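A short worksheet on the structure shown next.
First the proteins, then the strands, lettered A, B, ... as listed; each starts at 1. The model shown is predicted, which means the values in this text are computed figures rather than measured ones.
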Amino acid sequence: MPPKKRKFDEAGSSQRSPRKRVNAADSSQQSLDSFLLSGRSAQNKAIVKEERSGAPREIIIIDDNEEEATYSHKGLATENVDIAIDSTITFNRLGSHSHPNSPVHPPFDGFISNTREMSAGSETSSVLHNKGIPIKPETAGKSNDTQVFGDETSLVDEKHVGVTSDGNATMPLHSTSSHSLMSTPIASVSTNPVDPRAQQTIAIQIQIPPLEPFPNLTLNPFLFEIRPRSPEGHGTSACSYWTRGTPAPYSLLVHALVSLAATKSRIAILSILTNLLRILIVYDSESVLPALYLLSNSLGAAWEGIELGVGGSIISKILQTTTSITSTTIRNLYKKYGDPGDVAYYAVVGESSGALYKDLRKIASSRGEKSQKIRQAITERLLLSAVGSSWKSGKPSGQDSIIDLNPHLLGEEARYLVRTLIQNLRVGAVRTTILSALARAIVFTTSQQRRADPTALLRYSILASDCDTVRKVLLQVRKQDETGTSGTSKKSKQISKAAQTPEYLAAQERVQNVLKRAEACLRKTYAQHPRYDDIVPVLLREGIDGIAGENSSVGLSLGVPVMHTLGSPMRSLDDVYERLGPNASWTAEMKYDGQRAQVHAWRKNGQIKVKIFSRHLEDMTDKYPDIVYLISRRFDTDPFLDSFIVDSEAVAVDRFTGELRSFQELAGRARRDVKISEVKVAVCLYLFDMMYLNGTPLIQKPFRERRRLLRTHLPPSEPVVAGHNDAPTSSHILARLDHVESVEADEGREVVEEFWEKAIESKCEGLMIKLLDDTQVTLGDGEEDIEDDEDLETPKRAKKNGSSTRRKALPATYEPDKRTSAWLKLKKDYVEGIGDSLDLVPVGAWHGNGRKAAWWSPILLAVYDPAGDQLVALCKCMSGFTDAFYKELNEKYPEGTETCSKTSLWNVETGGYKPNVYFKPSEVWEIRGADLTISPTSATALGMIPQARDRGLSLRFPRFMRIRLDKKIEMASTPAFVHQLWRNQESKGQALGIGEDELVDVIEEESVEEEYESSSDEHK
DNA sequence: GTAATCTGTCCAC
DNA sequence: CTCGGACGCATTCGG
DNA sequence: CCGAATGCGTCCGAGGTGGACAGATTAC
């Protein structure tokens, strides 16, 4: 082939490297990567060492056909070198990265790429091949682009000829220590001897840091570079295990999860997620949504009711059938690690996360007969692929796996697949963190777009100049960290101080401001419309700006539940007064013990639609046909009522007297496909807030206004009575609508105190205290609400110190998903010093899970029954123990000693509890709980409950308070005592509810049924 | 084959 | 629902 | 004066109580 313009000998004769093309993106000041070029002949031997700032990351080698060959690497300088087309390229050095779990040292961490016209089997490829550079077998067959033998799994540009790690290939090139790379030739290129013009050889020496097989996601996002996709779809690599144009591999996600699990730092976690999402946004935006779901332990919005139906038990079964592992081994592993995912930590897989997501949805959608078998089959297949088919034969290697296994993630895919299946990823990131990361990722990527298009004016965008300023300092800091002799905090402080130029500080503040505002904006949006499916497309299309404006398509909407406002717990009424100050106007509402119900109702095409959502945003509409009926009846009465969203508590009430009933009774209601005629437990819906009315969102309005609208538009209903049941002669209540009972702070403290007493004496949990108007609170509190509609130009308030008692604005708006001081909850079980504290004896325990894997948790607790002189188990307890206490327990009750036995050696009746180990009863603990419950498990007070002789009593929300050193086990609480407490509890609250005389007459059965059907048909 | 019971999962607090 | 732990930030304390 | 200590808010994940439901299994 005739040489073209750029010839090798030009390069060779030149003292310096031949012509170079500087990458256009090369403008920022980066670390001074250097590389060396040297020729072998006398002339050309001169090593050309070049140091340039802002070096891009690849060397482009131009061959005689003027095709480009690229050596690409992180932190590598770019240079163009003319070489002959069939030059022999020899690699002299291997990367040395090794994953702690990998037996394989990735042999080479860069790659020589060749030209567009190169195809499999071409000369160069064979030359390289002959040199023993590993080639993945599937590549040649599968590759249908110009890639010669680029690693199938590499995410490099198609043009690149990948020479990446492959654990199974024999490498002729040995791995060397990675840290003295400066003068180690990485490759030498010898020209075709046939071509007289190319009788020279060059050696290319490049300084490279060890390359990770996956990108280091922990990097500060400002230093984590993702180059945008070029117009033709070419781009640069994000990780070496991802073929361009294919969906993001599951292994990338797993890599992120592994990175997450390796740290506890919130900052690092946020960075990892941010960088992962940035990669996906740029390279495979379709994977963003599945990734978000996979990261958040869910497959869809809560109210869509997508359930996997796969739990630890099925996993365990599959692990047994799929592997040669025995059930005892599994049990032991589980005992040891306390995590089913860790149990599955044996093998390796790579699979597209998008594909995985689809399989999971498939599992979730399987219903009916044998569905468990189907679920099991799919799960098994997934796990098998996550494990490699060779697993069965005992080989941990994934060599013959149907799926490309990733040697760097040995076992991790299986681990996280299992954790995904049981929906407990436990990597230190759930919803809020993911949202923050998503917001940041969007900002970073849209900023990139902005760079490309300076005319675009985006509010949620980082200025390119600010970005550069920040990055520059970060690089400086990093460099000093690397070169620094001591890694003390002192040093880093000095560095940061040195970096604190006014320009930097200003840029940093602007940047942080944008990020914080973007986070706040997304979180706010999500709180009002918690559905990734709706949010993500907008974000990808328009960035944060797309969800910021008033006209955003993802705001408060009928049919999509709003996240709830949360209340801060208070320990006493005094605390409440102290917190809110003397001047604030607030109301105290009765906190009923029922189930939160967010009701959406609206007219549509002449029909009335009603949706009821639970606290966790599950769709509970089917559970409350009576409420649905009640609501639609309200629409009939009020023709001007068009739509609303209200917040309320559904409480079980006596169907005849209207008295409040226990939570346990409410829980006894049927849940699925409930017919209105079959409702057994009557409910009253206690309304307390209104977020939306007749097309207008109200959440920005103060509570006083919202409450007024609620009261005027949804007055308490007359009790609805249905006569179509098997009711006796008189009518009985079916459902009722009311407002929560409340008093105002204005009425004076005495009234409030009295109300509080009433709450204590009732079946209610306590009080909710809510601000009525926007106000100010005096508190030395640094919190700063970042409003998304804050003016962009407005810089953040300068830091002020001094006045520790600063006044903080406290809005009385409805703040979804926020725990503010605007809502305070005062729970009686915490305030009361009385009764519900029990003295119990620890008599057994289970092996803890997760972070408590090394400890006993939970602990089985018992009462002392003097009648039979034995201990009777009451409940388990896991709350209230400190880590130190767990450690003490380990010492006090070591397994297999005379204080802790696998079999029951002592006189203990455990009822339905089957602890892993039994403790020798020897101490008394004070345990607190909220209520006593009738229990199918506990044997305490068995036979003493009139309505359920076969049941015992147990404790709701048990928590450990302290050890009672002063008590012997015979002095522990007795079954009789527990029984008495229960009776006291049951007799409470007889006065609340409505009286018999308030009952109204019967409604025709037909009309009830009919209206119910019509109103609920559409939302199944 | 139907009914009763068991088991696992999910959901409420 | 419960709780404690861990982190990160801001402020105060103490040598 | 600067580093250490302390306080506070936030986030996370350990796991408690009971009950319904659906499918699988067993009893008759």
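Of the candidates D:dC11, C:dG4, D:dG18, D:dG18 carries the atom nearest the A:S954 side chain, counting heavy atoms from C-beta on. In this structure, of D:dG13, D:dT17, D:dA24, it is D:dA24 that holds the atom nearest to the side chain of A:K373. Of the candidate nucleotides C:dG5, D:dG16, D:dG19, C:dG5 has the atom nearest to the side chain of A:T882.
To the nearest angstrom, P of D:dC12 lies 13 Å from CG of A:L566. Between the P atom of C:dC3 and the CE atom of A:M961 lies a distance of 8 Å, rounded to the nearest Å. Atoms CD (A:Q947) and P (D:dG19) sit 11 Å apart, rounded to a whole Å. Distance A:L955 CG to D:dG15 P: 19 Å, rounded to the nearest Å. Atom-to-atom, CZ of A:R959 to P of D:dG16 comes out at 15 Å; the value is rounded to the nearest Å. The NZ-C1' distance, from A:K825 to C:dC3, rounds to 12 Å in whole Å. The CG atom of A:L810 sits 15 Å away from the C1' atom of D:dG9 (whole-angstrom rounding). The interatomic distance linking A:D950 (CG) with D:dG19 (P) rounds to 11 Å, in whole Å.
Remark: A:K264, A:S265, A:R266, A:I267 in residues 263-272 of chain A come within less than 4.0 Å of DNA chain C through at least one heavy atom.
Spacing of P atoms, C:dG5 relative to B:dC6, comes out at 40 Å, to the nearest Å.
Counting non-hydrogen atoms under 4.0 angstrom, A:V681 reaches nothing in the nucleic acid. No contact: A:F960 has no heavy atom under 4.0 Å from any strand. Contacts of A:F613 with the nucleic acid, taken as non-hydrogen atoms under 4.0 Å apart, are absent. Looking at heavy-atom distances under 4.0 Å, A:R951 makes contact with sugar-phosphate atoms alone, never a base. Residue A:D931 is out of contact with every strand shown, counting any heavy-atom pair closer than 4.0 Å. Backbone-only contact: A:A429 has heavy atoms under 4.0 Å from sugar-phosphate atoms and none from a base.
Under 4.0 angstrom from either OP1 or OP2 of D:dT17 there lies no side-chain N or O belonging to A:T937. Proximity of A:S857 to the phosphate of D:dA14: no side-chain N or O atom is located under 4.0 Å from OP1 or OP2. Taking only side-chain nitrogens and oxygens, A:N297 never comes nearer than 4.0 Å to OP1 or OP2 of D:dG13. Regarding contacts with the backbone of D:dG15, a side-chain N or O of A:N849 is found under 4.0 angstrom from either OP1 or OP2.
Under the 3.5 Å distance criterion, the side-chain polar atoms of A:Q985 are matched with a main-chain donor or acceptor of A:L932. In this structure a side-chain-to-backbone donor-acceptor pair under 3.5 Å is missing from A:R415 to A:V258. Between the side chain of A:K763 and the backbone N or O of A:E986 there is at least one donor-acceptor pair closer than 3.5 Å.
Aromatic ring orientation, A:W925 versus A:F960: perpendicular (interplanar angle above 60°, classes split at 30° and 60°). Using cut-offs of 30° and 60° on the angle between ring planes, the pair A:W303 and A:F613 is perpendicular. Between A:W856 and A:H847, the ring-plane angle classifies as tilted under the 30° and 60° cut-offs.
Using a 4.0 Å cut-off between a side-chain N of Lys or Arg and a carboxylate O of Asp or Glu, A:D342 and A:R419 qualify as a salt bridge. Contact check on A:D829 versus A:R956 returns no salt bridge, with no Lys/Arg side-chain nitrogen under 4.0 Å from an Asp/Glu carboxylate oxygen.
A pairwise comparison of heavy atoms in A:D593 and A:V651 identifies O-CG1, 4.1 Å as the closest pair.
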- prompt: Going 5' to 3' along nucleotides 7-13 of chain B, which nucleotides have protein heavy atoms under 4.0 Å from the base (write B), which only from the sugar-phosphate (write S), and which from neither (write -)?
  reply: -SSBBSB

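Looking at A:Q664 and A:T933, their side chains never bring a donor and an acceptor atom within 3.5 Å of each other.
In this structure, the separation between OG1 on A:T218 and CG on A:L270 is 12.0 Å, given to the nearest 0.5 Å.
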Watson-Crick or G-U pairs under 3.5 Å in DNA chain D, rendered as dot-bracket with [ ] for crossing pairs and | for another strand: ||||||||||||||||||||||||||||

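In terms of polar N and O atoms assigned as donor or acceptor, the side chain of A:T933 never comes within less than 3.5 Å of the base of D:dT17 in a complementary pairing.
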message: Could you walk me through whether A:T432 and A:R523 satisfy the side chain to side chain donor-acceptor pair (under 3.5 Å) test, starting with their C-alpha distance in whole Å, then the side-chain angles of each, then the deciding distance to 0.1 Å, before giving a yes or no?
response: CA-CA 8 Å; A:T432 41; A:R523 285 158 83 145; 5.2 Å; no

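At least one side-chain heavy atom of A:V427 sits less than 4.5 Å from a side-chain heavy atom of A:Y416.
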